[in-house]
Amino acid sequence: MPTRQQARIEVRIGAKQKRLFERAATIEGVTLTDFAISSMQRAAASTVEEHTRIELSERDQQAFVQALMNPPEPNAALRAAVKAYKRMK
């Protein structure tokens, strides 16, 4: 038994856009609703992936690895933060 959808999205578009979307849906052999959902899904996934990916230059990569391999000594602020954390426990 199919599950009932719980959310709805409504949009207002121009007649020309609607005809274009309907044509694209027909070409893909799906309903306009299915076409809209799959198109939005692809666009949303791409947008989220693009904005969450971290890209580093080669110089940044080297600096990152160096910081991991040879971390600097804790400064006064970090030592104070550790003491404050331990007092909270």
Side-chain angles (χ1 to χ4, degrees):
M1 182 176 202
T3 60
R4 185 168 178 209
Q5 299 299 318
Q6 300 298 315
R8 181 179 189 91
I9 297 176
E10 294 185 33
V11 297
R12 298 248 183 238
I13 59 174
K16 188 174 181 179
Q17 273 186 313
K18 185 177 181 197
R19 286 191 302 273
L20 175 64
F21 298 160
E22 287 172 332
R23 182 174 179 204
T26 299
I27 290 169
E28 289 197 1
V30 297
T31 66
L32 180 56
T33 297
D34 289 341
F35 178 80
I37 291 170
S38 66
S39 296
M40 286 191 296
Q41 179 74 34
R42 281 191 307 270
S46 174
T47 298
V48 168
E49 193 274 333
E50 181 180 317
H51 285 83
T52 56
R53 178 183 28 192
I54 297 173
E55 293 185 17
L56 300 175
S57 68
E58 187 174 333
R59 189 183 83 216
D60 293 337
Q61 292 172 27
Q62 291 172 353
F64 180 73
V65 169
Q66 278 300 320
L68 290 176
M69 301 302 287
N70 302 304
E73 292 295 320
N75 62 20
L78 182 56
R79 286 192 296 273
V82 169
K83 286 180 184 177
Y85 174 76
K86 287 181 178 179
R87 283 193 302 266
M88 293 174 60
K89 283 178 102 181

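Throughout, residue positions are numbered sequentially from 1 according to the sequence presented. Both backbone and side-chain heavy atoms feed into the values below; hydrogens, waters and symmetry mates do not.
- Going from atom CD of Q17 over to atom CZ of R12 covers 13.5 Å, rounded to the nearest 0.5 Å.
- Atom CD1 of I9 has 12 or fewer heavy atoms from other residues, nucleotides or ligands within 6.0 Å.
- Linking Ile, Leu, Val, Met, Phe, Trp and Tyr residues whenever their side-chain heavy atoms come within less than 4.5 Å places V11 and M40 in a single cluster.
- Using a 4.5 Å cut-off on side-chain heavy atoms (C-beta onward), F35 and T26 make no contact.
- Note that OG of S39 is 6.5 Å distant from CD of E28, once rounded to the nearest 0.5 Å.
- Contact between V30 and D34 at its shortest, heavy atoms only, is CB-CB, 4.1 Å.
- Side-chain contact between E58 and Q62 is present, with at least one heavy-atom pair separated by less than 4.5 Å.
- Atom CZ of residue R59 and atom CG of residue L56 lie 11.0 Å apart, to the nearest 0.5 angstrom.
- Note that OG1 of T31 and CD of E22 are 11.0 Å apart. Values are rounded to the nearest 0.5 Å.
- Between K18 and L32, the closest heavy-atom pair is CE-CD2, 4.3 Å.
- The two residues H51 and T47 have their closest heavy-atom pair at ND1-O, 2.9 Å.
- Separating the CZ atom in F64 from the CD1 atom in I54 is a distance of 8.5 Å, to the nearest 0.5 Å.
- In this structure, R53 and E55 have side chains that are in contact, with non-hydrogen atoms separated by less than 4.5 Å.
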